[in-house]
Amino acid sequence: MRQTVKALKPMIEGFIETNGELSLKRTLKSGQAFRWRLTNDGTDWVGVVRNTHVVQLTQQPDGKHIHYRVLNGHEDNDHNQEIKPTVKGRKRLKTSDESDGENPKDQYFYSQLISDYLRLDVNLTDLYDKWSKSDDKFAAIAVNMSGVRVLRQNFAETLFSFICSSNNNINRIEKMIETLCQKYGKVLYESHPELGTIHSFPEITRLAEESVEPELKKLGFGYRSAFIHRSAKTICDEYKCPEKWSQELAQMPYSEARQALQRLPGVGPKVADCIALMALNHLESVPVDVHVFKIAQHMYLPHLKKNKSLTHKSYQEIGDFFRSKFGPNAGWAQAVLFCADLKQFKQ
DNA sequence: CAGGTC
DNA sequence: TCTGG
C-alpha cells in the first residue's frame with residue numbers, strides 16, 4: 001500500500017565499489033553540478049540524482065568505496081512500482097519473514113542509478129594512463145588530481161544551469177539555481193536538518209510560462225531571465241517533447257548537436273559544449289572558458305598569449321588541439337585540467 | 001573580475 | 001551587459 005510505504009519512510013542504502021577512481025569532492029564541487037552540498041560536518045554529500053532521488057554520498061576511508069543512502073521515498077517514482085522498506089542496517093542479512101529477492105533488487109536498482117550518474121562504468125585509471133602517456137604536462141597534474149569524473153546529468157538542468165553560468169561566478173550560479181528549484185520545482189524531501197526542503201529542478205514547461213521572466217528579473221537574474229524563459233519557450237514550441245529532443249541531440253554527431261543547441265537564446269559555443277559534454281554524452285566536447293583558455297596559453301599554445309580574450313577562432317583551435325592530444329574523450333581530460341586550475345583545488 | 005552571449 | 005564581492 002502506498003500509505004504504508006510513505007509512513008515507513010523507506011531507507012535504502014549500500015556501498016558501491018569505485019576502485020579508487022572517484023573523488024566525490026573533485027567531481028561534485030568542480031563546477032559541473034551546482035546542487036551538491038557538504039553536510040554532517042563535512043563528511044556527507046547530499047544532492048539530487050535524476051531529478052527525483054535525494055541521495056547522500058560518503059567517501060569511505062579506504063578510498064575505494066562510497067556509501068550511498070537514498071533519503072526520499074518513492075513518490076513520483078515511475079521506475080519502480082512499489083518498493084518494500086527492507087533495508088535498514090548495513091549489509092544486513094535477510095530474515096526469514098522477508099520475501100526473497102526484494103531487498104537485493106532495490107539495492108541493485110539504486111546502486112545502478114548512482115553508478116550511472118557517476119559514470120562508474122568508465123575505467124578512469126585507463127584514461128588517466130592514456131592521457132599521461134600522450135602528455136607529460138597532464139601527467140604531472142594528474143598525479144595530484146585523481147578521481148575527477150564527468151557526471152551523466154539531466155538535460156534540462158544542465159541547459160538552464162549553464163545559461164546562468166555566463167559572465168558569472170560559481171557561488172552566485174549555485175544560489176540562482178537553488179532559487180529556480182525552490183520557486184518552480186517540486187518538493188522532493190522535507191526539512192533536512194541542514195539543507196531545509198530539497199526541491200527538484202523545474203520542468204521546462206514551467207519555465208516557459210509567461211510570468212517567469214519578470215519574476216526572475218525581480219529575483220536578480222538580470223539578462224539571464226529572458227534567456228531562460230525564451231529558451232524554455234522555444235523548446236516547448238518547436239520540439240514539443242523536450243525529453244525526446246534531448247535523446248535526438250545525444251544521437252546526433254557532436255558538431256550537429258552543438259549547432260542545434262546554439263539556436264537557443266543564451267546558448268553560445270561554450271554553454272553548448274557544456275551541455276554536449278555533461279548531458280548528451282558527447283565526450284569529445286571541450287568547453288573553453290577563461291580557465292581553459294589560460295591553461296592552453298601557458299601550457300600548450302603559447303602563440304595565444306597575444307590574444308587578450310577568447311575569439312571564435314581561438315576557441316575552435318583550443319578544442320581541436322585538446323581533441324588531437326587526448327582523443328575522443330578530450331572533454332574529460334579538459335575537466336581534469338580545469339579542476340586542477342580551480343582555486344579550491346590548488347595544492 | 002567572475003567558467004559568455006547577442 | 002545583470003549583479004555581488
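Convention: sequence-line order gives letters A, B, ...; per-chain numbering from 1.
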Quiz item: Looking for any heavy atom pair under 4.0 Å, which part of the strands does A:Gln334 touch: base, sugar-phosphate only, or nothing?
Solution: nothing

Exercise. Please determine which of A:Tyr189, A:Tyr117, A:Tyr110 meets the side-chain contact (heavy atoms from CB on, under 4.5 Å) test together with A:His53.
Key: A:Tyr110

Quiz item: Is the side chain of A:Lys186 donor-acceptor paired with the backbone N or O of A:His199 at a distance under 3.5 Å, no angle test?
Solution: no

Exercise. Could you state the atom-to-atom distance from CD1 of A:Ile173 to P of B:dA2 in whole Å?
Key: 12 Å

Quiz item: Does any donor atom in the side chain of A:Arg323 or A:Asn329 lie under 3.5 Å from an acceptor atom in the other side chain?
Solution: no

Practice problem: Could you verify whether a donor N or O on one side chain and an acceptor N or O on the other, from A:Thr39 and A:Asp44, lie under 3.5 Å apart? | Solution: no

Quiz item: Rounding to a whole Å, what distance do you find between A:Asp289:CG and B:dT5:P?
Solution: 10 Å

Self-check item: Sugar-phosphate, base or nothing in reach of A:Ile163, heavy atoms under 4.0 Å
Solution: nothing

Exercise. Find the distance A:Leu337:CG to B:dG3:C1' and express it as a whole number of Å.
Key: 15 Å

Quiz prompt | A:Arg172 CZ - B:dC1 P separation (whole Å) | solution = 17 Å

Quiz item: Have A:Asn123 and A:Tyr128 got a donor and an acceptor in their side chains that come within less than 3.5 Å?
Solution: no

Exercise. Please work out if A:Ser309 contacts a base, only the sugar-phosphate, or nothing of the nucleic acid, heavy-atom cut-off 4.0 Å.
Key: nothing

Exercise. Could you state the atom-to-atom distance from CG of A:Leu261 to P of B:dC6 in whole Å?
Key: 12 Å

Exercise. Classify the nucleic acid contact of A:Val267 as base, sugar-phosphate or nothing, counting any heavy atom under 4.0 Å across all strands shown.
Key: sugar-phosphate

Exercise. Go through the N and O atoms of the side chain of A:Tyr315 and the base of B:dG4, and report whether any donor-acceptor pair is under 3.5 Å.
Key: no

Practice problem: Provide the Watson-Crick or G-U wobble partner of C:dC2, both distances under 3.5 Å; none if there is no partner. | Solution: none

Quiz item: What is the distance from CZ of A:Arg224 to P of B:dA2, rounded to the nearest Å?
Solution: 14 Å

Exercise. Mind checking A:Phe162 for me? I need base, sugar-phosphate or nothing, with any heavy atom below 4.0 Å counting as a touch.
Key: base

Quiz prompt | With sequence neighbours excluded, residues passing salt bridge (Lys or Arg N to Asp or Glu O under 4.0 Å) with A:Glu174 | solution = A:Lys29

Quiz item: Under 4.0 Å between a side-chain N/O of A:Lys294 and OP1 or OP2 of B:dA2, yes or no?
Solution: yes

Exercise. Give A:Gly31 one of three labels, base, sugar-phosphate or nothing, depending on what nucleic acid heavy atoms sit under 4.0 Å from its own.
Key: base

Quiz prompt | Nucleotide interval of DNA chain C bounded by contacts with chain A (heavy-atom cut-off, under 4.0 Å) | solution = C:dT1 to C:dT3

Self-check item: Short side-chain donor-acceptor distance under 3.5 Å, A:Tyr254 and A:Asp273
Solution: yes

Quiz item: With sugar-phosphate meaning primed atoms plus P, OP1 and OP2, does A:Leu219 contact a base, only sugar-phosphate, or nothing at under 4.0 Å between heavy atoms?
Solution: nothing

Quiz item: Within a radius of less than 6.0 Å around NZ of A:Lys306, do more than 12 heavy atoms belonging to other residues, nucleotides or ligands occur?
Solution: yes

Exercise. Just call it for A:Val271: base, sugar-phosphate, or nothing, with non-hydrogen atoms closer than 4.0 Å on any strand.
Key: sugar-phosphate

Quiz item: Closer to the 5' end of DNA chain B via nearest nucleotide, is it A:Gln262 or A:Gln32?
Solution: A:Gln32

Exercise. Would you mind telling me which residue lines up with the more 5' stretch of DNA chain B, A:Cys274 or A:Arg230, judged by nearest nucleotide?
Key: A:Cys274

Self-check item: d(CZ, A:Arg263; C1', B:dT5) in whole Å
Solution: 17 Å

Quiz item: Is a donor-acceptor contact shorter than 3.5 angstrom present between the side chain of A:Lys270 and the base of B:dG4?
Solution: no

Quiz item: DNA chain C: A:Asn168 or A:Lys175, which has the more 5' nearest nucleotide?
Solution: A:Asn168

Exercise. Would you mind reading off the distance between A:Met176 atom CE and B:dA2 atom C1', rounded to a whole angstrom?
Key: 12 Å

